[in-house]
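In what follows, a single structure is set out as structure tokens and then discussed.
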Amino acid sequence: QVQVVESGGGLVQPGGSLRLSCAASGFTLDYYAIGWFRQAPGKEREGVSCISSSDGNTYYADSVKGRFTISRDNAKNTVYLQMNSLKPEDTAVYYCAADKNHPSQPPVQAMCVMAGYGMDYWGKGTLVTVSS
């Protein structure tokens with residue numbers, strides 16, 4: 001079965017850290033760009049961070065730049081999102097999505113800015129709650 005599954009969410013105090021994982025099954029992530037997206041209650045989905053498959057280009061939303069780090073471990077078929085200095089406004093359901101390389105694939109910045117529109121595979125999300 002082809003799918004991506006997120007894990008690692010939970011409740012954390014402001015200033016704390018979490019590491020989210022996006023594990024792929026049924027396909028190899030090597031040839032896929034990956035994005036992390038989030039959706040807070042009452043808000044639209046937004047791109048958090050995206051990473052290309054080939055050259056490792058990354059993009060971060062301004063709201064998370066300097067606090068979040070995206071990385072990929074192709075050997076484990078997993079992409080991670082390390083989240084530090086978490087703020088209450090980071091509270092959301094976090095989703096990962098995978099998009100297979102193709103000639104018309106947008107650059108990672110556009111992929112994130114477009115909130116993952118058209119990406120191939122989506123997980124069901126993991127809830128991150130930042131609260132004291």
Side-chain angles (χ1 to χ4, degrees):
Q1 184 178 4
V2 176
Q3 61 180 356
V4 291
V5 179
E6 306 91 340
S7 62
L11 173 64
V12 63
Q13 292 186 341
S17 298
L18 284 174
R19 188 178 77 158
L20 305 184
S21 299
C22 172
S25 60
F27 68 101
T28 303
L29 278 179
D30 299 40
Y31 308 107
Y32 287 76
I34 305 296
W36 282 100
F37 305 89
R38 67 186 181 187
Q39 187 165 20
K43 294 188 177 181
E44 294 187 352
R45 187 176 70 206
E46 63 173 348
V48 175
S49 182
C50 295
I51 186 168
S52 67
S53 65
S54 53
D55 54 15
N57 275 351
T58 58
Y59 169 82
Y60 296 93
D62 287 343
S63 58
V64 306
K65 203 171 293 183
R67 299 188 297 123
F68 290 11
T69 303
I70 191 171
S71 62
R72 58 193 304 152
D73 186 339
N74 289 342
K76 294 184 178 179
N77 221 27
T78 301
V79 173
Y80 303 99
L81 184 69
Q82 178 67 43
M83 307 187 297
N84 298 329
S85 302
L86 283 161
K87 304 175 181 179
E89 50 264 43
D90 295 317
T91 296
V93 177
Y94 283 71
Y95 302 88
C96 73
D99 191 58
K100 190 173 183 180
N101 290 348
H102 57 88
S104 58
Q105 186 177 63
V108 290
Q109 178 175 351
M111 191 176 294
C112 261
V113 169
M114 293 190 296
Y117 177 80
M119 294 185 76
D120 295 323
Y121 304 119
W122 286 83
K124 294 182 179 180
T126 185
L127 177 62
V128 172
T129 303
V130 184
S131 176
S132 55

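Bear in mind the structure is a predicted one, so any value in this text is a computation, not a measurement.
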Quiz item: Could you go step by step and tell me if Trp36 and Phe68 meet the ring pair (Phe, Tyr, Trp, His ring centres under 6.0 Å) rule?
Solution: CA-CA 11 Å; Trp36 282 100; Phe68 290 11; 9.9 Å; no

Practice problem: Output, in order, the C-alpha distance, side-chain angles, deciding distance and verdict of side chain to side chain contact (heavy atoms under 4.5 Å, CB included) for Tyr59 and Met111. | Solution: CA-CA 9 Å; Tyr59 169 82; Met111 191 176 294; over 6 Å; no

Practice problem: Just do the side chain to side chain contact (heavy atoms under 4.5 Å, CB included) check on Trp122 and Cys96 with the steps written out, would you? | Solution: CA-CA 6 Å; Trp122 286 83; Cys96 73; over 6 Å; no

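The hydrophobic cluster containing Leu11 does not contain Val128, counting ILVMFWY residues as joined when their side-chain heavy atoms lie under 4.5 angstrom apart, directly or transitively. Transitive grouping of hydrophobic side chains (ILVMFWY, heavy atoms separated by less than 4.5 Å) brings Tyr95 and Leu127 into a common cluster. Met83 and Val79 fall within the same hydrophobic cluster, defined by Ile, Leu, Val, Met, Phe, Trp and Tyr side-chain heavy atoms under 4.5 Å apart, directly or through other members. Put simply, Val4 and Tyr117 are part of two different groups of oily side chains (I, L, V, M, F, W, Y) that touch within less than 4.5 Å, one to the next.
Arg67 contributes atom CZ, which lies 12.0 Å from atom OG of Ser49 (distance to the nearest 0.5 angstrom). In this structure, OG1 on Thr28 lies 9.5 Å from NZ on Lys100, to the nearest 0.5 angstrom. Here OG of Ser17 is found 12.0 Å from CZ of Arg19. Values are rounded to the nearest 0.5 Å. Taken from OG1 in Thr129 to CG in Asp90, the straight-line distance is 11.0 Å, to the nearest 0.5 Å. Between Cys112 atom SG and Tyr60 atom OH the span is 10.0 Å, to the nearest 0.5 Å. Note that CD of Glu46 and OG of Ser63 are 5.0 Å apart. Values are rounded to the nearest 0.5 Å.
Counting all heavy atoms, side chain and backbone alike, Val93 lies closest to Gly125 at CG1-CA, 3.9 Å. Heavy-atom minimum distance, Gly47 versus Ala61: O-CB, 3.5 Å. Here the closest non-hydrogen pair linking Val108 and Thr58 is CG2-C, 4.1 Å. When all heavy atoms of Thr91 and Ala40 are compared, the pair lying nearest together is O-CB, 3.6 Å. Across every non-hydrogen atom of Ser52 and Gly56, the tightest pair is OG-N, 3.0 Å. For the pair Phe27 and Val2, the tightest heavy-atom approach, listed with the atom from each and the gap, is CD2-CG1, 3.4 Å.
Proximity of Pro88 to Ser131: side-chain heavy atoms (C-beta onward) are nowhere separated by under 4.5 Å. Looking at Ile51 and Asn57, their side chains never come closer than 4.5 Å, going by heavy atoms from C-beta outward. Residues Asn84 and Leu86 have side chains not in contact (no heavy-atom distance under 4.5 Å, counting atoms from C-beta outward). Cys50 is not listed as a side-chain neighbour of Ile34, based on a closest heavy-atom distance of 4.5 Å or more.
Thr78 and Asp73 are not linked by any side-chain donor-acceptor pair at a separation below 3.5 angstrom, with hydrogens and angles left out of the test. Side chains of Tyr94 and Arg38: a donor on one and an acceptor on the other come within 3.5 Å.
At distances below 3.5 Å, not a single donor-acceptor pair connects side-chain atoms of Asn74 with backbone N or O atoms of Asn77. Judged purely by atom type and a 3.5 angstrom limit, Gln105 uses its side chain to pair as donor or acceptor with the backbone of Asp99. When atom types are taken as modelled, the side chain of Ser85 and the backbone of Gly15 share no donor-acceptor pair closer than 3.5 angstrom. With hydrogens and angles ignored, the 3.5 Å screen pairs no side-chain donor or acceptor of Gln109 with any backbone N or O of Val113.
With salt bridges taken as basic N to acidic carboxylate O contacts below 4.0 Å, one links Asp62 and Lys65. A salt bridge does not link Arg72 with Asp30: every distance from a Lys NZ or Arg NE/NH1/NH2 to an Asp or Glu carboxylate oxygen is 4.0 Å or more. Contact check on Lys124 versus Glu6 returns no salt bridge, with no Lys/Arg side-chain nitrogen under 4.0 Å from an Asp/Glu carboxylate oxygen.
Of the listed residues (Val64, Leu20, Leu18, Thr126), just one forms a side-chain contact (heavy atoms from CB on, under 4.5 Å) with Leu81, and that residue is Leu20.
By the 6.0 Å contact criterion, CD on Glu44 is open, its count of non-hydrogen atoms from other residues, nucleotides or ligands being 12 or less.
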